[in-house]
Chemist: 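Provided herewith is a single structure, encoded as structure tokens, for subsequent inquiry.
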Number of protein chains: 6
Amino acid sequence: MLEQTKYYEDYTIGEARHTTGRTITETDFVVHAGHSGDFFPHHLDAEFCKTLPFGQRIAHGTMVFTIGVGLTATIINPVAFSYGYDRMRFVKPVFIGDTLRSRVEIIAKELMEKRPGYGRVTERLTVTKQAGETVLVADHIYMVECKK
Amino acid sequence: MLEQTKYYEDYTIGEARHTTGRTITETDFVVHAGHSGDFFPHHLDAEFCKTLPFGQRIAHGTMVFTIGVGLTATIINPVAFSYGYDRMRFVKPVFIGDTLRSRVEIIAKELMEKRPGYGRVTERLTVTKQAGETVLVADHIYMVECKK
Amino acid sequence: MLEQTKYYEDYTIGEARHTTGRTITETDFVVHAGHSGDFFPHHLDAEFCKTLPFGQRIAHGTMVFTIGVGLTATIINPVAFSYGYDRMRFVKPVFIGDTLRSRVEIIAKELMEKRPGYGRVTERLTVTKQAGETVLVADHIYMVECKK
Amino acid sequence: MLEQTKYYEDYTIGEARHTTGRTITETDFVVHAGHSGDFFPHHLDAEFCKTLPFGQRIAHGTMVFTIGVGLTATIINPVAFSYGYDRMRFVKPVFIGDTLRSRVEIIAKELMEKRPGYGRVTERLTVTKQAGETVLVADHIYMVECKK
Amino acid sequence: MLEQTKYYEDYTIGEARHTTGRTITETDFVVHAGHSGDFFPHHLDAEFCKTLPFGQRIAHGTMVFTIGVGLTATIINPVAFSYGYDRMRFVKPVFIGDTLRSRVEIIAKELMEKRPGYGRVTERLTVTKQAGETVLVADHIYMVECKK
Amino acid sequence: MLEQTKYYEDYTIGEARHTTGRTITETDFVVHAGHSGDFFPHHLDAEFCKTLPFGQRIAHGTMVFTIGVGLTATIINPVAFSYGYDRMRFVKPVFIGDTLRSRVEIIAKELMEKRPGYGRVTERLTVTKQAGETVLVADHIYMVECKK
């Protein structure tokens, strides 16, 4: 983990970074069910899933989001605060054995009128799997301090 | 778990249900760090957190979302598909020992022009803690089959 | 989860419900060993198990019971209390990849002489795997309030 | 773990052993919920439990059984097979922070008429907590090979 | 678990014992990453590992050590205290599906000059996998009470 | 996570870095027992521990090592390979609620005679708790490629 103080003014639209990869295992499916309490057969019942179009167990949307965000959690910015997410979309299903990787890119910034001294920075999260297909997108909104 | 087939036409704006509660424990914090890979000291370092405004460890946003959604995972609708989430907001911090409860309410529905035979249904998720304070909101978008 | 108040008088012999399915994974074997502290090689040592009649790792009896019961935990009856289990039998082994499903049926009821105002209700739990073979049975005894 | 071959003839009624102790933590409650899929508020919702007679979260019966049995899993007898359990009773509730300890005692043995060369051995499991109160009892039935 | 009081004088150079086996699963890899916080792609990214000489995910050294030591944790000696380890070496990689087994042998003992009444006992830990290949060695140093 | 290629020649004796902190929770104790299979009462039985000098549960040595090392796992050097550890010492006990932090410092380097093109680099790991007391030290030995 790296600590890096970065003020509103320091963000540039278009700057991006990408993460290492992580293979999503059957273990992650089981852990996520137990952690979230969501035991839907779409995620946990291999026999039932054989009767569905994809023919196999599909990752929880909340897990793809959680791990996709978790992969980016390597730089602490003490002057930025997570505000929320917009337009999260589950673009493609994630299966056991898929390898996820995240990319974040600054796509917008604007001063916050209602909160002087702060700016709103939007970082687009794109989670892809091995062959490069996008599985999830979401826009992460940060509230970031301005330089004094 | 209950299976309940509910077509686009069956959804009524304003219909709502709420869930049982679940106390968020230190265990959930540790499990979520290990599951997501996010070991930020804001979630895991009690000494560091004493120096922050809240004075204690704060739940991962992805965990509040995951458990808030997980609490609602009790009814399977085989003709509804999760499409994504809009306007997820972290309204208040969640601390160790807080008890979460979710409420979902149908707030919008419209036929999908680009996808005949399907409608888009928006369900607002509101996660609250013991005293009734809202900690997270998000709009869950479903794609739901129409009756033939 | 559904809350449903059901008094002693409301139970009918023969009424039954069955659950969704859940595939038992290698993860469940490892989690159960770590949770129970039972690391017998019959459950965890694939090489050793090749030398046994079944030729593969066999689920802990306590796990088949725990998950078999857990699958039924979808309806809360605030006037019923779990008293114990009779005649639990491990009928067939459960292997990694088997999909379990539970069925519960009311098989007996009688007023409790020693505890006026309560009845004893017996619910038979039958856990089966994909091809319909029974793997575990047990009789769950509830103490249920009578209507006043 | 100890391997110890013990034939039907080697069992004596009244022989007993007791285990080391294990403190049941909030973690065990959360892990058991996630493993079993049983998220009843009796086990996980501290606010709800304040309104119940015990005033606090109560361990899952399946967990007390699983850990009570797990504590005894230190001696492998290659000629004994677990057959099932009789008369499992939840005698007292287990709370977070209670320390469990198990005792097993051989209480019955008889040759199996239907299965020559095997005997049925009954081992009574008694799980107690710190002050010595019994929390769970169950009779474990083994099928044990006779000496040739 | 067995309690066995064994004083410094009771240890003999050359005495040894070996443990039961345990298959290392993909679950163990994922659990260890989440427990340690080490999400290096060498352990978790199957795609990346295809580009490395071994062609597959490799166990964390800390996990091989932890499980190798854990396998030996069956005898409690109340007069021996763990002091540390010398010369831990990762001799061969451990892959998903390998079955580990540990052997410990007393290789040295000497009285502690600086701490009268105590001796230093060195136990060599050797962790092997199925075909008998050594994967890890380490010398465990105990401080053991002398008889009075 | 940061990838940083650093050859043998690039290491300087005395260079050091320290990590963020992580509070060791009761959850970590329970997870480590379940992961390692070491259920010694020194780590898990709060009642038994009241009778010991420290009066409370003590962390597994393998856990302090695993988490101490895990905290440093933030920089991948593709030309360095972990070879083993020397002189690991458990200096002070770690209790539930202690906050750990690691520091690593290069303390030695030498070319490997038997393996031309590689050098041996020794990094001292020092794990401390909140008040600055050292709880564990170990010397991590890397085999590092030389520049061509």
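Please read these numbers as outputs of a predicted model, since none were measured by experiment. So you know, we letter chains A, B, ... as the sequences are listed, proteins then strands, and number each from 1. In what follows, every heavy atom counts, from backbone to side chain, and hydrogens, waters and symmetry copies are set aside.
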Chemist: Can you find a heavy atom in the side chain of A:I76 that is under 4.5 Å from one in the side chain of B:H42?
Modeler: yes

Chemist: Is B:H60 in contact with chain A via its backbone, its side chain, both, or neither, using a 4.5 Å heavy-atom distance?
Modeler: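 Looking at B:H60, nothing touches chain A.
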
Chemist: Please report the C-alpha distance between B:Y85 and A:Y85 in whole Å, then the side-chain angles of each, then the deciding distance to 0.1 Å, and finally whether the side chain to side chain contact (heavy atoms under 4.5 Å, CB included) criterion is met.
Modeler: CA-CA 8 Å; B:Y85 285 85; A:Y85 285 85; over 6 Å; no

Chemist: Is the ring centre of B:Y83 less than 6.0 Å from the ring centre of A:F90?
Modeler: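 Between A:F90 and B:Y83, which both carry aromatic rings, the centre distance is not below 6.0 Å.
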
Chemist: Pick one of side chain, backbone, both or neither for B:L71, based on which atoms fall under 4.5 Å of a heavy atom in chain A.
Modeler: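 The answer is the backbone of B:L71.
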
Chemist: We want to know whether B:T66 and A:S36 form a side-chain donor-acceptor pair, criterion being a heavy-atom distance below 3.5 angstrom.
Modeler: no

Chemist: What's the shortest heavy-atom distance between B:D38 and A:G70, and which atoms?
Modeler: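 Nearest heavy atoms, B:D38 then A:G70: CB-CA, 4.5 Å.
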
Chemist: Out of the candidates A:V69, A:T62, A:I67, only one should pair with B:T62 under the side chain to side chain contact (heavy atoms under 4.5 Å, CB included) rule; please name it.
Modeler: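 Among A:V69, A:T62, A:I67, the one meeting side chain to side chain contact (heavy atoms under 4.5 Å, CB included) with B:T62 is A:V69.
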
Chemist: Against chain A, label B:T74 side chain, backbone, both or neither, depending on which of its atoms sit under 4.5 Å from a heavy atom there.
Modeler: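 Backbone only.
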
Chemist: Measure the spacing between CZ of B:R87 and CD1 of A:I141 and express it to the nearest 0.5 Å.
Modeler: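 With rounding to 0.5 Å, CZ (B:R87) is 10.0 Å from CD1 (A:I141).
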
Chemist: Whether B:R89 and A:D86 form a salt bridge (side-chain N of Lys/Arg under 4.0 Å from carboxylate O of Asp/Glu) is what I want to check.
Modeler: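 Judged by the 4.0 Å cut-off on N to carboxylate O distance, A:D86 and B:R89 do form a salt bridge.
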
Chemist: Checking B:I75 against chain A: side chain, backbone, both or neither under 4.5 Å from a heavy atom?
Modeler: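 Just the backbone, heavy atoms under 4.5 Å.
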
Chemist: Would you call the rings of B:H35 and A:H35 parallel, tilted or perpendicular, where under 30° means parallel and over 60° means perpendicular?
Modeler: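 Perpendicular.
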
